[in-house]
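Taking it in order: structure first as structure tokens, then the write-up.
None of the values given here were measured: they were computed from a predicted structure. By convention here, the first residue in the shown sequence is residue 1.
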Amino acid sequence: MAVDLFAGIPVTDYPTALSWYETLLGAPPAFIPNDTEAVWELAEHRYVYIELLPEHAGHARHTVFVGDLDARVAATAERGLEPARRETYDNGVRKITYVDPDGNEIGFGGEPL
């Protein structure tokens, strides 16, 4: 069974959010379907998108597991963004959380060291 994932993030200021997510993700959107949405493909058939929906902004919480968490965090820092939180769970799994200008959270998880 094929599965595609589109995880949406509502924002209040589309141009500001577009710039912020380009910095966070290190690339421009894969495609822009209209004037109020931008879509990034994180892996084959797995997307995250921002959408101008001011009445819903600030409530998204997504976590993406990556193969090399330390490299992801270092590259993001080089682009000027620092995490809001760093966590290590009892099983050693790590999570780095970034918070966008609207208060939406996007985390990156990684295996124990």
Side-chain angles (χ1 to χ4, degrees):
M1 176 172 85
V3 175
D4 288 3
L5 173 67
F6 281 83
I9 302 172
V11 300
T12 59
D13 181 330
Y14 179 79
T16 297
L18 179 63
S19 176
W20 193 88
Y21 280 93
E22 285 179 341
T23 301
L24 176 70
L25 300 172
F31 63 94
I32 297 176
N34 57 55
D35 292 343
T36 63
E37 293 179 80
V39 183
W40 288 263
E41 186 173 22
L42 303 180
E44 187 174 11
H45 304 288
R46 290 162 186 89
Y47 302 87
V48 64
Y49 68 96
I50 60 169
E51 183 175 9
L52 182 63
L53 290 171
E55 65 277 12
H56 297 289
H59 301 285
R61 293 176 57 184
H62 301 300
T63 301
V64 179
F65 274 78
V66 295
D68 190 337
L69 181 61
D70 295 325
R72 167 76 61 162
V73 173
T76 304
E78 287 176 12
R79 293 189 298 273
L81 289 180
E82 292 294 330
R85 282 189 313 282
R86 296 172 184 262
E87 301 171 84
T88 302
Y89 298 105
D90 291 339
N91 63 0
V93 169
R94 298 171 296 141
K95 181 179 177 186
I96 306 298
T97 302
Y98 296 88
V99 179
D100 77 8
D102 287 307
N104 296 302
E105 295 182 6
I106 185 159
F108 293 95
E111 295 182 359
L113 291 175

Heavy atoms of other groups near Glu111 CD, more than 12 under 6.0 Å: no
Flag side-chain contact, heavy atom, 4.5 Å: Leu53 against Glu55: yes
Side-chain (Arg46) to main-chain (Glu44) donor-acceptor, under 3.5 angstrom: yes
Leu42 reachable from Ile50 in the ILVMFWY side-chain graph, under 4.5 Å edges: yes
Non-hydrogen atoms of Ala77 and Glu82 that approach each other most closely: CB-OE2, 3.3 Å
Worked verdict on Thr97 versus Phe108 for side chain to side chain contact (heavy atoms under 4.5 Å, CB included): CA-CA 6 Å; Thr97 302; Phe108 293 95; over 6 Å; no
Let me check something: any side-chain donor-acceptor pairs from residues 4-15 under 3.5 Å, sequence neighbours excluded? List them with distances.
residue, atom, partner, partner atom, Å
Asp4, OD1, His45, ND1, 3.0
Thr12, OG1, Asp102, OD1, 2.5
Asp13, OD1, Thr16, N, 3.1
Asp13, OD1, Thr16, OG1, 3.2
Asp13, OD2, Thr16, OG1, 3.0
Tyr14, OH, Glu37, O, 3.1

Side chain to side chain contact (heavy atoms under 4.5 Å, CB included) evaluation trace for Ile96 with Arg72: CA-CA 10 Å; Ile96 306 298; Arg72 167 76 61 162; over 6 Å; no
Beyond-backbone contact of Asn91 with Pro112, side-chain heavy atoms, under 4.5 angstrom: no
Leu81 reachable from Leu69 in the ILVMFWY side-chain graph, under 4.5 Å edges: yes
Spatial distance of atom CZ (Arg86) from atom CZ (Arg94) [nearest 0.5 Å]: 9.5 Å
Shared hydrophobic cluster, Ile32 / Val48 (ILVMFWY, side-chain heavy atoms < 4.5 Å): yes
Close side-chain approach of Glu105 to Arg85, heavy-atom, < 4.5 Å: yes
Minimum heavy-atom distance between Val39 and Pro33, given as atom pair plus value: CG2-CD, 3.9 Å
Close side-chain approach of Val66 and Val64, heavy atoms under 4.5 Å: yes
Chi angles and distances behind the side chain to side chain contact (heavy atoms under 4.5 Å, CB included) call for Leu113, Asp70: CA-CA 10 Å; Leu113 291 175; Asp70 295 325; 3.7 Å; yes
Show the atom names and distances, to 0.1 Å, of all donor-acceptor pairs under 3.5 Å that link a side chain in residues 17-31 to residues at least two apart or in another chain.
residue, atom, partner, partner atom, Å
Tyr21, OH, Asp100, OD2, 2.7
Thr23, OG1, Ser19, O, 3.1

